[in-house]
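Each chain gets a letter, A, B and so on, in the order the sequences are listed, and its residues count up from 1.
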Amino acid sequence: MADKKAKEYWSKNLRYLTILLSIWFLVSYVCGILLVDQLNNIRLGGFKLGFWFAQQGSIYVFVVLIFVYVNWMNKLDKEYGYDEE
Amino acid sequence: MSVQTWTWILVGVTFTLYFGIAIWARAGSTKEFYIAGGGVSPLANGMATAADWMSAASFISMAGLISFMGYDGAVYLMGWTGGYVLLALLLAPYLRKFGKFTVPDFIGDRYYSNTARTVAVFCALIVSFTYVAGQMRGVGIVFSQFLQVQIHWGVIIGMCVVLFFAFLGGMKGITYTQVAQYCVLIFAFMVPAIFISFNMTGNPVPQLGMGGTLENGSYLLDTLDELHTKLGFSEYTSGSKSTWDVFAITCALMVGTAGLPHVIVRFFTVAKVRDARKSAGLALLFIAILYTTAPAIAVFARTNLIETVSEKQYSEIPEWFKNWENTGLIAWADKNNDGKIQYVAGNALDGKKPIFTNERGTHGQRKIENASMKTANELYVDRDIMVLANPEIANLPNWVIALVAAGGLAAALSTAAGLLLVISTSVSRDLIKMQLRPNISEKNELRVARASIVVAVVIAGIFGIYPPGFVAAVVALAFGLAAASFFPAIILGIFDKRMNREGAIAGMVVGITLMLFYMIRYKTGLIGVMDPRPSSEWWFGTSPEGFGTIAMLVNFVVSMVVSRLTPAPPQEVQEIVENIRIPSGAGAATH
């Protein structure tokens with residue numbers, strides 16, 4: 001029983017990681033590197049968009065990603081009774 | 001008051017603060033010494049991690065590097081922050097649950113093998129040493145600048161200070177000192193950036209000012225691109241590396257940072273897995289403040305530098321230019337004898353550093369021997385000075401200039417202290433206690449730990465005073481080495497239950513050997529025997545800095561293949577893996 005619970009918890013954890021790391025890959029490698037020239041044709045005020053992603057935007061997204069992860073995992077811990085007070 | 005007086009005051013005040021904290025938080029037991037007794041709050045741990053992470057390289061060199069690299073500088077920005085995401089999501093919570101002090105400890109236990117442990121200790125020492133040598137150099141530059149002494153005296157003073165902190169406090173002292181150092185360094189980084197941003201663009205937030213407009217209404221970045229094109233540099237916002245190489249370097253830096261032992265050990269200092277996750281988030285937030293400001297500083301500094309020196313008479317150049325010329329970090333050769341500074345694309349020198357003669361030229365400049373006649377560029381500017389000189393270039397008040405010196409010291413000292421602790425832990429725990437002398441007493445273990453700190457500081461100091469080109473090259477590659485060795489072994493140890501001793505060792509050995517081979521072949525050469533091969537022969541056009549990505553992939557493949565051909569790990573090890581995947585019941589880290 002405990003074994004099944006742990007397996008379920010782990011597979012949900014893996015699903016969260018997949019979602020978050022896909023976004024991580026998208027903002028840095030895709031927007032900041034692979035598609036940078038295409039995105040540079042779009043302007044964000046004084047920035048070219050691709051350049052902005054590479055030097056600013058991706059970092060903001062990284063911070064948000066970790067806090068989303070912390071939030072999701074705390075909820076998941078509670079749901080499965082793995083949280084400690 | 002003069003810059004000198006202000007520097008004495010600010011450095012004096014901040015150092016008194018650090019000393020006070022170090023004495024208050026003195027370590028009594030090995031546990032307090034290694035991991036601060038495991039009872040640090042997530043907020044304090046977040047700040048300490050940020051200070052640990054942001055080295056002299058981040059504070060002093062990074063903005064300067066970016067200002068010379070333009071878009072390509074993004075490899076550092078994304079690499080060092082993105083690696084943090086990997087660390088927070090894939091490593092920190094599980095390593096905390098595992099509950100041992102060090103990375104070699106994890107590898108040794110997970111792979112039930114002292115061979116694996118030794119390979120890991122060896123990798124940890126290489127990575128930490130190359131890194132700490134760079135820090136000592138940074139401390140030396142700052143001390144020599146503000147005390148007006150030769151750089152080797154700067155390094156020696158820095159060695160004494162670092163030694164005092166690391167010796168006295170252990171992890172507990174270092175953690176709380178690092179909290180104070182974070183506050184000092186971030187304040188010192190932000191104040192000049194805010195001043196300059198407001199002066200240039202009217203927007204006090206540097207992150208927005210970077211995309212703002214100048215007084216004449218045109219965008220700052222567009223103006224900089226135009227200046228660059230006019231002087232023959234490649235466009236600032238476009239860069240010059242190939243897309244694949246940018247990709248590979250970013251990846252190697254990300255994965256390498258996630259494997260840095262001195263940062264991983266930080267997550268053992270909080271009480272619970274939940275706290276480890278939270279402090280990782282807070283740490284990245286604190287880091288991001290500096291990392292999003294640095295590219296803005298790079299743009300401001302680059303624009304200011306070009307506008308201040310390009311086509312200007314040497315006789316009318318501001319004071320800061322001559323000060324830095326005196327320390328040898330700026331050099332000017334009047335190639336066309338017009339008394340004006342021509343700053344255009346191309347290397348001003350033959351070789352990397354200027355070689356000064358003792359004579360002065362007709363305009364009062366220091367003469368150099370190795371001006372290159374192949375290019376029209378007359379100006380050499382060391383990249384490391386951009387952050388330190390930036391407030392002077394922008395004419396900011398003296399106390400701001402002094403503040404930057406105090407901040408640079410905080411950054412270098414906090415990282416050096418953290419690294420030295422890792423080195424001493426590796427020696428006293430992973431080598432002596434776990435392998436050579438299992439029944440060493442706690443008191444003696446602490447003694448060995450402190451003795452190894454002394455040895456480590458001396459070696460690091462020697463590298464700082466005599467930085468052979470070799471060390472400088474290796475510092476840049478420390479990340480590649482960490483990526484090629486640790487990262488796959490740790491990740492597979494958590495996420496692949498079937499991974500066994502044979503697979504992990506084969507992967508680490510093949511990964512680090514391949515990386516060392518590539519480094520020697522294409523970057524450092526074999527000293528005295530072979531010169532580095534030219535970049536036209538790089539595999540798939542990958543620079544040595546980016547090669548860690550390929551070596552890491554090879555490590556993954558080798559580990560997977562070998563592990564499937566050899567017996568599965570023992571039952572109790574598989575249970576350890578199941579256990580670290582569940583956050584509850586972490587308890588304190590143990591021996």
Fill in: Note: A:K7-B:E578 ion pair, threshold 4.0 Å (strictly below)
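So A:K7 does not pair with B:E578 through a salt bridge.
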
Would you say the side-chain atoms of [X] pair up with the backbone N or O of [Y], donor to acceptor, closer than 3.5 Å?
X      : Y     : result
B:Q207 : A:Q56 : no
A:W24  : B:G82 : yes
A:Q55  : B:G70 : yes

Using non-hydrogen atoms and a 4.5 Å limit, figure out which bit of [X] sits close to chain A: side chain, backbone, both or neither.
X      : value
B:M210 : both
B:I287 : neither
B:D225 : side chain
B:Y84  : both

Practice prompt. Identify the heavy atoms of A:N74 and B:R277 that sit nearest to each other, and give their distance.
Written response: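 What the structure gives for the nearest pair is OD1-NH1, 3.5 Å.
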
Discussion item. Can you give me the closest heavy-atom contact between A:V63 and B:A288, atom names plus distance?
Written reply: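 Closest pair (atom of A:V63, atom of B:A288, distance): CG2-CB, 3.6 Å.
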
Item to complete: Please determine, among A:V61, A:I59, A:L34, A:V64, the option with the most heavy-atom pairs under 4.5 Å with chain B.
Response: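 The candidate making the most pairs under 4.5 Å is A:I59.
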
Do [X] and [Y] come close enough that some side-chain heavy atom pair is under 4.5 Å?
X      : Y      : result
B:P93  : A:M73  : no
A:L17  : B:F495 : yes
B:F247 : A:Y29  : yes

Practice prompt. Quick one: which of B:M254, B:K278, B:R581 has the most heavy-atom pairs under 4.5 Å with chain A, could you say?
Written response: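 The answer is B:R581.
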
Worksheet item: With respect to chain A, which residue among B:S238, B:C251, B:G73 yields the maximal number of heavy-atom pairs within a distance under 4.5 Å?
Response: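 Heavy-atom pair counts peak at B:C251.
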
Practice prompt. Give me the contact list for residues 212-224 of chain B versus chain A, heavy atoms only, anything under 4.5 Å, ordered by residue number.
Written response: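 Within residues 212-224 of chain B, the residues under 4.5 Å from chain A are B:Y219, B:L221, B:D222.
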
Worksheet entry | Separation of A:F67 CZ from B:L285 CG (nearest 0.5 Å) |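 Answer for the CG-CZ pair, B:L285 versus A:F67, is 5.0 Å.
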
